[in-house]
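Structure record follows, encoded as structure tokens.
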Protein chains: 2
Amino acid sequence: MVEHSGLDIMCLNKYSPASSSSSSSNAEKKLFSKLKVSLTKKYPQKNAETLSAQYGTNLLLIGVSVMLALAQHGPAVKKEHLLAFITALMLVQLVWMLCYMIRRERERSAVPERDAHAGTSWIRGGLTMLALLSLIMDAFRIGYFVGYHSCVSAVLGVYPIVHALHTISQVHFLWFHIKDVIKKYETFESRFGVIHAVFTNLLLWCNGVMSEAEHFLNNYRRRLTALGYANLSTGVCVCPDCNCTTSVCSMFSTSLYYLYPFNIEYHIFVSAMLFVMWKNIGRTLDLHSNHKRPSTRSPCLLLGPLLGLLVLASSVTVLVVYLIHVEKSSQAAVSMFYCYGVVMLSCMCVASGAGLLVYRVEDWPMDMGSNPSRTLDTELLLGSSLGSWLMSWCSVVAVAAAGRSSPSFRWTCLAYSLLLVLEKCVQNLFIVESLYRRSRDPDDVPVPEIFSVTPAPVVPPYDGIVNRAYETQDKLCTTLGGETPEDRAAFSRKQTDVTLPVGNRLNVTPGRKRQILKNITIFLFMCNISLWILPAFGCRPQYDSGLELETFGYSIWTTVLNLAFPMNLFYRMHSVASLFEVFRKV
Amino acid sequence: MVEHSGLDIMCLNKYSPASSSSSSSNAEKKLFSKLKVSLTKKYPQKNAETLSAQYGTNLLLIGVSVMLALAQHGPAVKKEHLLAFITALMLVQLVWMLCYMIRRERERSAVPERDAHAGTSWIRGGLTMLALLSLIMDAFRIGYFVGYHSCVSAVLGVYPIVHALHTISQVHFLWFHIKDVIKKYETFESRFGVIHAVFTNLLLWCNGVMSEAEHFLNNYRRRLTALGYANLSTGVCVCPDCNCTTSVCSMFSTSLYYLYPFNIEYHIFVSAMLFVMWKNIGRTLDLHSNHKRPSTRSPCLLLGPLLGLLVLASSVTVLVVYLIHVEKSSQAAVSMFYCYGVVMLSCMCVASGAGLLVYRVEDWPMDMGSNPSRTLDTELLLGSSLGSWLMSWCSVVAVAAAGRSSPSFRWTCLAYSLLLVLEKCVQNLFIVESLYRRSRDPDDVPVPEIFSVTPAPVVPPYDGIVNRAYETQDKLCTTLGGETPEDRAAFSRKQTDVTLPVGNRLNVTPGRKRQILKNITIFLFMCNISLWILPAFGCRPQYDSGLELETFGYSIWTTVLNLAFPMNLFYRMHSVASLFEVFRKV
């Protein structure tokens with residue numbers, strides 16, 4: 001009846017003299033007030049998303065264009081300009097985070113919805129470690145500035161201080177607010193704040209990548225000139241004009257390059273997490289899928305960790321040997337690296353392939369529910385593979401094009417490149433399948449894709465490992481004996497929800513399979529850490545071999561490498577995180 | 001009862017002597033047969049998606065790495081190698097399309113599901129036009145080969161023939177099968193076939209882009225050397241060693257460059273359409289949202305088309321004047337282009353902004369249903385904006401870094417660059433909002449986001465244009481007089497589904513708004529065509545101004561341009577297509 005009376009009023013109003021005589025100025029006033037409401041409160045979500053994404057992208061592009069100008073070492077654009085821009089962005093982010101936290105604190109009574117999948121505690125722990133290393137880096141930078149303060153720009157001193165502040169408050173934000181699903185103020189403040197944070201971190205990542213690439217390129221140029229390949233100037237040295245007032249300046253600047261890899265990973269990971277937070281704004285959570293599984297007792301782990309540790313130890317050895325020998329006999333060092341890589345990648349291919357086979361034998365259904373965090377994981381894995389795939393295919397083309405005078409390691413290089421492509425393909429498949437598998441909790445009955453009851457002969461699976469799926473089934477069978485008609489009806493209803501794990505009908509039990517999968521995952525985890533350490537700390541044979549340089553020329557090949565290496569480093573770190581997730585899930 | 005007896009059999013089987021004595025070899029046999037089934041029929045969709053995406057990406061990357069080697073003009077990798085690779089890919093796609101069509105023909109009784117949003121007939125018509133121009137290009141290539149057949153590789157003759165065959169059968173495929181939602185054979189054959197087609201077309205696009213970029217770079221180098229900026233060799237000429245046997249060889253080779261833009265657009269559009277088809281594989285269509293709206297009578301269109309035609313005509317004039325003058329007085333030509341650009345982009349910003357304002361006044365709800373075609377449209381718009389945004393920001397940095405001796409047009413260049421960024425932002429917002437708006441059919445009652453009945457005074461909107469929303473409301477009001485209680489209840493129920501268009505309460509009627517939107521859309525449509533024509537046919541002041549070259553250096557700036565121009569051309573063509581879609585929808 002309420003609606004009806006409301007409508008009555010409207011109908012009356014429409015034909016009342018007051019409304020028919022309403023002036024056009026009144027209508028205009030309404031138009032503007034309507035416009036105001038529409039621009040602030042009711043702004044459609046899709047548009048707010050597009051607008052904020054465009055804002056963030058342009059922020060990044062401004063930074064990138066300044067970096068490109070910097071790479072040219074011209075007189076007009078200096079490092080200070082870039083650092084000032086980044087500092088301003090960080091300050092804006094700091095203010096936004098502060099406002100957000102204060103507002104949340106004030107509304108403490110209203111508990112915000114939280115996305116259980118976003119930023120698990122172990123990933124936040126890992127980020128805290130990386131953040132600590134970044135803080136050490138900031139301390140070194142401040143030390144460097146103090147040493148040269150008489151002749152360098154003040155920006156070089158302000159930047160590390162703001163960066164340290166930014167790091168501390170960002171880690172605090174990650175621990176307490178990254179899971180928030182923002183429902184209020186969603187249009188402008190939150191969307192723009194979060195996307196600003198995402199792109200500020202991406203820009204910091206780009207900055208780190210550029211500094212590192214420059215360091216490698218300078219080494220590369222020096223080595224090329226020494227080998228007589230080309231006569232390239234070693235870039236303009238950006239050393240300050242005065243002497244260091246403390247005695248440890250050079251220590252600071254050289255140590256920085258060992259800390260860059262951690263700083264780089266820190267920023268890219270934070271931006272991925274914040275991106276998930278941005279995707280979550282205004283989202284309605286599916287409560288069914290948004291719960292955490294209780295952790296289960298892990299089965300016997302021996303082979304995987306052992307082999308993994310072996311790989312890790314030998315990688316560190318290879319790294320050290322490589323770095324010592326590359327200056328003197330680069331061919332031997334590169335050859336050794338490729339041989340080692342071929343063996344390692346083959347093992348990884350076999351392990352991932354075995355994991356996929358286990359999944360093929362098992363018939364667990366896939367979980368296709370909405371989960372922005374997982375979708376992003378998958379897309380980032382595939383996207384970041386592109387860089388090193390391109391690098392590998394370039395190596396293949398270079399080997400195919402190389403003449404007879406080319407170095408002896410070219411066949412190993414070919415095998416290494418092809419295996420790298422294959423390994424990433426198979427590993428991606430394994431990780432994606434693992435992430436999309438429904439968790440295999442016995443209590444958590446899987447929903448079948450196609451329901452089928454096959455009367456196959458069943459082998460009792462009791463070989464030491466408790467199989468709860470069987471226990472329930474046995475119980476069901478025994479209760480069927482003395483049942484009431486209601487029970488029977490309820491049971492047949494239940495049957496449509498239950499599918500019997502196919503693995504049970506075979507010799508390999510789910511427990512055994514779980515053990516195999518856990519071992520494979522831990523092995524791949526260690527291998528990916530090794531493959532991150534090797535290039536991150538200077539083992540980059542593609543710079544030293546000279547094979548691809550002949551086919552592609554200096555400028556194309558360095559461009560490819562400058563693109564491929566950061567992507568590859570991110571890929572490895574991201575696989576490590578994903579594999580840890582898989583390890584906990586299997 | 002059926003389920004119950006099925007379970008009884010299973011329970012019996014499990015404890016029967018026959019099954020408990022099953023040998024391990026039997027279990028192994030089962031394992032393998034299970035594996036076979038799992039690898040062919042039941043392969044999970046997500047994995048098939050990942051696997052096929054990886055296959056396609058690697059195909060593309062192989063091609064790209066050969067292109068990169070070609071760009072170096074080394075002795076080992078030749079154009080023939082690339083063309084042979086592409087020809088092989090096209091042949092594979094031809095075989096797949098043939099198989100697919102034969103199979104569909106055989107199962108003609110089972111009508112496949114079709115996605116109404118994929119590949120509308122007007123887009124297919126446009127593609128057919130582009131395909132015809134591509135066929136002319138193939139004819140020119142064959143003519144060129146005939147002229148030089150004694151000294152060029154046979155691949156140069158085979159390639160255009162296969163390309164022509166490929167084009168014809170692909171257009172046939174687009175007309176009759178692009179809307180298919182493949183449900184069967186989804187795992188391997190279809191997924192791999194479609195993704196192969198997607199990436200073959202992308203590779204053909206890359207090849208076209210590279211050939212065009214090379215042409216521009218050669219001109220650029222020639223001009224730079226003439227101006228004394230740098231001493232760059234004009235690239236290795238790839239002219240054949242013998243004389244042409246016919247008299248029209250040079251005509252063929254120069255005409256090719258005027259046809260390249262169409263060929264390039266053809267391939268990128270086909271790959272986008274095929275990508276939608278790939279995303280549709282195994283999808284369950286939402287039948288409610290999968291219907292086409294009947295076309296409505298279009299309101300009076302005058303201002304939009306007139307202004308649009310004016311823009312188009314003046315753009316062609318500017319193009320001709322620019323091309324004539326750039327060789328002699330490049331500064332004047334560049335300056336003229338930037339002035340024209342500033343005026344045009346300002347008009348476009350105003351038009352898009354007005355469109356957005358109209359949407360803000362209106363309160364039509366958004367349609368957030370699943371529609372892969374629309375999602376892809378949105379992402380491609382945003383993604384392809386990146387290229388020219390980067391170029392614009394680089395120009396801004398260059399202007400900021402330029403000294404006093406820099407050319408006079410630098411402030412126009414700054415305004416042009418900033419307006420370009422703004423225009424793309426606003427236009428993207430307008431297009432995305434238009435695409436996500438629910439169609440404004442009066443019969444098709446919109447579902448409100450938040451239900452609210454405000455008793456506002458209503459102004460009768462009768463100003464010549466029929467307003468059906470009012471007619472129904474009037475009817476409702478009059479029927480409320482002599483109603484039964486049931487009617488009243490039914491009516492108040494109906495009210496919860498109906499929201500009154502807010503526009504009705506204001507002076508601007510929906511018909512008027514529709515007219516405004518249509519005019520804006522047609523104007524933007526023409527502007528985007530102009531902005532496609534200008535760079536596609538050689539008006540690229542960023543090559544000729546020399547302003548950015550000083551800040552970024554030759555290699556960085558040409559890399560940025562080689563990235564940005566193809567993306568920008570695609571962006572313009574894609575906006576044209578999207579705006580046409582918007583025009584039909586509004």
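Below, each value reflects all heavy atoms present in this structure, side chains not excepted, and no hydrogens, waters or symmetry copies. In what follows, every chain begins at residue 1, and chains take the letters A, B, ... in the order their sequences are listed. Just so it is clear, the model here is predicted, and its values are computed rather than measured.
- When all heavy atoms of K424(B) and Q54(A) are compared, the closest pair comes out as O-OE1, 3.9 Å.
- Looking at F552(B), both its backbone and its side chain come within 4.5 Å of chain A, counting heavy atoms on both sides.
- Partners of W389(A) according to the ring pair (Phe, Tyr, Trp, His ring centres under 6.0 Å) rule, which considers only residues two or more places apart in sequence or in another chain, do not exist here.
- For L386(B), the parts lying near chain A are the backbone and the side chain together; criterion is any non-hydrogen pair under 4.5 Å.
- By number of non-hydrogen pairs under 4.5 angstrom with chain B, the leading residue of T551(A), N58(A), V77(A) is N58(A).
- With a threshold of 4.5 angstrom between heavy atoms, T57(B) approaches chain A through side-chain atoms but not through N, CA, C or O.
- Contacts of V66(B) with chain A are made by both backbone and side-chain atoms, with heavy-atom separations under 4.5 Å.
- Between chain B and the residues A53(A), C394(A), A76(A), C425(A), the largest count of heavy-atom pairs under 4.5 Å involves C425(A).
- Side-chain contact between L418(B) and S392(B) is absent, with no heavy atoms from C-beta onward closer than 4.5 Å.
- Of all heavy-atom pairs spanning Y359(B) and S434(B), the tightest one is OH-OG, 2.9 Å.
- Proximity to chain B (any heavy atom under 4.5 Å) is restricted, for I556(A), to the side chain, taken from C-beta onward.
- For R374(B) (side chain) and L435(B) (main-chain N/O), a donor-acceptor pair under 3.5 Å exists by modelled atom type.
- Closest of all the heavy-atom pairs between L82(A) and G63(A) is CD1-O, 3.9 Å.
- Contact annotation for L382(A): only side-chain heavy atoms (C-beta onward) come within less than 4.5 Å of a heavy atom of chain B.
- Among M391(A), Q72(A), H81(A), the residue making the largest number of heavy-atom pairs under 4.5 Å with chain B is Q72(A).
- For the side chain to side chain contact (heavy atoms under 4.5 Å, CB included) criterion with W393(B), the lone passing option out of I62(A), L59(A), L68(A), V64(A) is I62(A).
- Atom-to-atom distance recorded for Y436(B):OH and T378(B):OG1 is 4.0 Å, nearest 0.5 angstrom.
- Of the atoms belonging to V560(A), it is side-chain heavy atoms, and not backbone ones, that fall under 4.5 Å from chain B.
- Legend: residues meeting side-chain hydrogen bond (donor to acceptor under 3.5 Å, both in side chains) with S65(B), ordered by chain and number and at least two apart, are absent.
- Heavy atoms of L70(A) lying under 4.5 Å from chain B are absent altogether.
- Most heavy-atom pairs under 4.5 Å with chain A, from the set G553(B), S395(B), A398(B): that is G553(B).
- Of the listed residues T50(B), V426(B), L381(B), the one with more heavy-atom pairs under 4.5 angstrom with chain A than any other is T50(B).
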